[in-house]
Amino acid sequence: MARTARLLAAEDPPPAAAAERSRPAAGSGLRSLSSAASGLWDRLSVLGTGVSKLEKALGDHFPEGERYFGLENFGNTCYCNSVLQITLAKKRTGVLAPRRFVQRVRKQNELFRSYMHQDAHEFWNFLVNDIVDILEEDCRTANSSPETTPEEVSNGAVNALVNGARERPLVTLVHRTFQGILTNETKCLMCDTITAKDETFFDLSIDVEQNSSLTSCLKSFFSTEILNGEDKFFCDKCSCLQEAHKRMKIKKAPHVLVIHLKRFKYVEQLSRHKKLSYRVVYPLELKLGSMSEDADCEYSLFAVVVHVGSSPNHGHYVSQIKSHGHWLSFDDDTVQISEESTLQTFYGSSREHCGNTDHGYILFYERLGGKS
């Protein structure tokens, strides 16, 4: 008999197995995700009818009409659960259509099944791109139906057609929420000609340094690089290789800025990946400044995916999410209130061998002011 998925409301007592903090990462992976999430859409309206511990803890501050749900771990699916909880915060992102995504997962679960390390950032990329595919299919279906209007397309937008041809690439709710544009600028040091190339992104993956801050890591990411020696740039105007300055900046900032801290580094001497437990302080309010063409662009932190464990191949993922002014901790099927100060415990360690193995891994910032 197939195992039935069980989505747990915040008031349900966690099973003993949920207390494990060091699950081996190799395993069934995404093949269990469809089972773990398949009951989500149908059960949201019926679960959690009683008064939960979370409601009691928040008292009068509990948002009216709001419910919070945990996701049961079905064998190394914590990396999925931590990301899904953030995308399921519909008031924040409004992106995920659970039933239809689960149907797609059933067809594509081999993608993650063979991975030795189920990584939350890899799953984030898979999730976002797969939802884009689903929404684009909706748009194409709507475009081929003369009776469908743009407003009738779920979660997306149908671009205008001119003589049956699409004017521009499809833009879905995922693009409008998470997609930004980076500009790569290369300046020839001989003739001062600037060559610019744009590329889109859903998240920024940045290197981390010991005892640093998110702002300093971002500045390093966007710093100017000198191209010389074997790395000289071919200048079209000079028609030869020249020394040049190369830099990136954000041309269009996304509504939700996702930043991936590259804590897993391959060490050739060890012939394996190593987790970097570096202390990286990330702010509640982030200003991009000169890193963006819009120097006044500001963001507010609303979610963090945390990796728990000292190794890339063994560990656990949880998420911290801000909802209605309160921080909540989502640990698979357990949902608890969390203090804002708890975020500081996920900065990392100032020395290599330290008992704290809970480290911020993916940061989610929402743009302030609604402009993007």
Side-chain angles (χ1 to χ4, degrees), residues 115-117 119 121-122 124-125 129 178-254 257-283 286-295 297 307 311-313 347-352 359-363 365:
Y115 281 11
M116 287 300 294
H117 171 56
D119 181 83
H121 178 247
E122 291 172 345
W124 159 254
N125 282 313
N129 285 286
F178 297 107
Q179 183 174 274
I181 299 176
L182 284 175
T183 294
N184 283 286
E185 294 182 347
T186 306
K187 180 180 179 180
C188 175
L189 297 184
M190 177 61 67
C191 66
D192 290 335
T193 298
I194 296 177
T195 303
K197 181 180 179 181
D198 292 345
E199 60 180 275
T200 60
F201 68 93
F202 284 134
D203 64 75
L204 299 177
S205 291
I206 65 172
D207 293 316
V208 295
E209 299 291 338
Q210 178 61 288
N211 293 320
S212 61
S213 67
L214 176 62
T215 301
S216 65
C217 292
L218 283 170
K219 287 182 178 178
S220 296
F221 180 83
F222 288 105
S223 63
T224 300
E225 176 186 2
I226 300 177
L227 303 180
N228 54 20
E230 295 181 354
D231 297 324
K232 283 184 178 180
F233 168 74
F234 185 86
C235 176
D236 290 333
K237 185 174 182 179
C238 297
S239 298
C240 63
L241 294 173
Q242 297 286 7
E243 292 187 348
H245 281 169
K246 181 180 179 180
R247 64 160 296 182
M248 287 191 301
K249 69 186 311 182
I250 296 177
K251 180 178 182 178
K252 180 181 181 295
L257 176 62
V258 182
I259 301 175
H260 163 230
L261 302 180
K262 296 167 69 173
R263 289 195 176 274
F264 303 131
K265 179 181 181 181
Y266 185 79
V267 181
E268 291 188 6
Q269 295 88 334
L270 302 176
S271 298
R272 61 178 173 84
H273 282 84
K274 173 185 177 182
K275 181 180 178 181
L276 303 178
S277 60
Y278 296 160
R279 178 178 171 83
V280 180
V281 177
Y282 47 85
L286 176 66
K287 295 182 179 181
L288 294 181
S290 61
M291 295 176 281
S292 171
E293 289 191 3
D294 182 358
C297 186
H307 180 266
S311 166
N313 298 319
Y347 287 164
S349 308
S350 57
R351 55 185 187 278
E352 185 170 352
H359 305 126
Y361 185 49
I362 311 175
L363 310 174
Y365 284 89

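Remark: C235 SG to L227 CG distance equals 12.0 Å, nearest 0.5 Å. Atom-to-atom distance recorded for L218:CG and D207:CG is 11.5 Å, nearest 0.5 angstrom. Note that OG1 of T224 and NZ of K246 are 12.0 Å apart. Values are rounded to the nearest 0.5 Å. Distance check, rounded to the nearest 0.5 Å: CD1 of I259 to CZ of F221 gives 9.5 Å. The NZ atom of K249 sits 11.0 Å away from atom CG of L288, with the distance rounded to the nearest 0.5 Å. With rounding to the nearest 0.5 Å, the separation of CZ in R247 from CD in E225 is 12.5 Å.
Minimum heavy-atom separation, I250 to F222: CG1-CZ, 3.6 Å. Looking at every heavy atom in both residues, S213 comes nearest to S216 through O-OG, 2.8 Å. Between E209 and V280, the closest heavy-atom pair is O-CG2, 3.9 Å.
Between P254 and Q179 the shortest side-chain heavy-atom distance does not fall below 4.5 Å. Looking at S349 and H359, their side chains come closer than 4.5 Å, going by heavy atoms from C-beta outward. A 4.5 Å side-chain heavy-atom check between H273 and V267 finds every atom pair outside the cut-off. You'll find the side chain of L214 reaches within 4.5 Å of the side chain of Y365, heavy atoms only.
A donor-acceptor pair under 3.5 Å is formed between the side chain of R263 and the backbone N or O of L276. Checking side-chain atoms of E243 against main-chain N and O of K232 turns up no donor-acceptor pair under 3.5 Å.
Y278 is linked by a ring pair (Phe, Tyr, Trp, His ring centres under 6.0 Å) to nothing, counting only residues two or more places apart in sequence or in another chain. For F233, the ring pair (Phe, Tyr, Trp, His ring centres under 6.0 Å) test picks out no residue, with sequence neighbours left out.
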Working for side-chain contact (heavy atoms from CB on, under 4.5 Å), residues L286 and L363
CA-CA 11 Å; L286 176 66; L363 310 174; over 6 Å; no
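Note on ring orientation: taking the six-membered ring where Trp is involved, the planes of Y361 and H121 are perpendicular (angle over 60°, cut-offs 30° and 60°).
In this structure, the ring of F178 has its center less than 6.0 angstrom from the ring center of W124.
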Name every donor-acceptor pair, under 3.5 Å, that has one atom in a side chain of residues 180-202 and the other anywhere in the protein, sequence neighbours excluded.
residue: T183; atom: OG1; partner: D198; partner atom: OD1; Å: 2.8
residue: N184; atom: ND2; partner: E199; partner atom: OE2; Å: 2.6
residue: D198; atom: OD2; partner: K251; partner atom: NZ; Å: 2.7

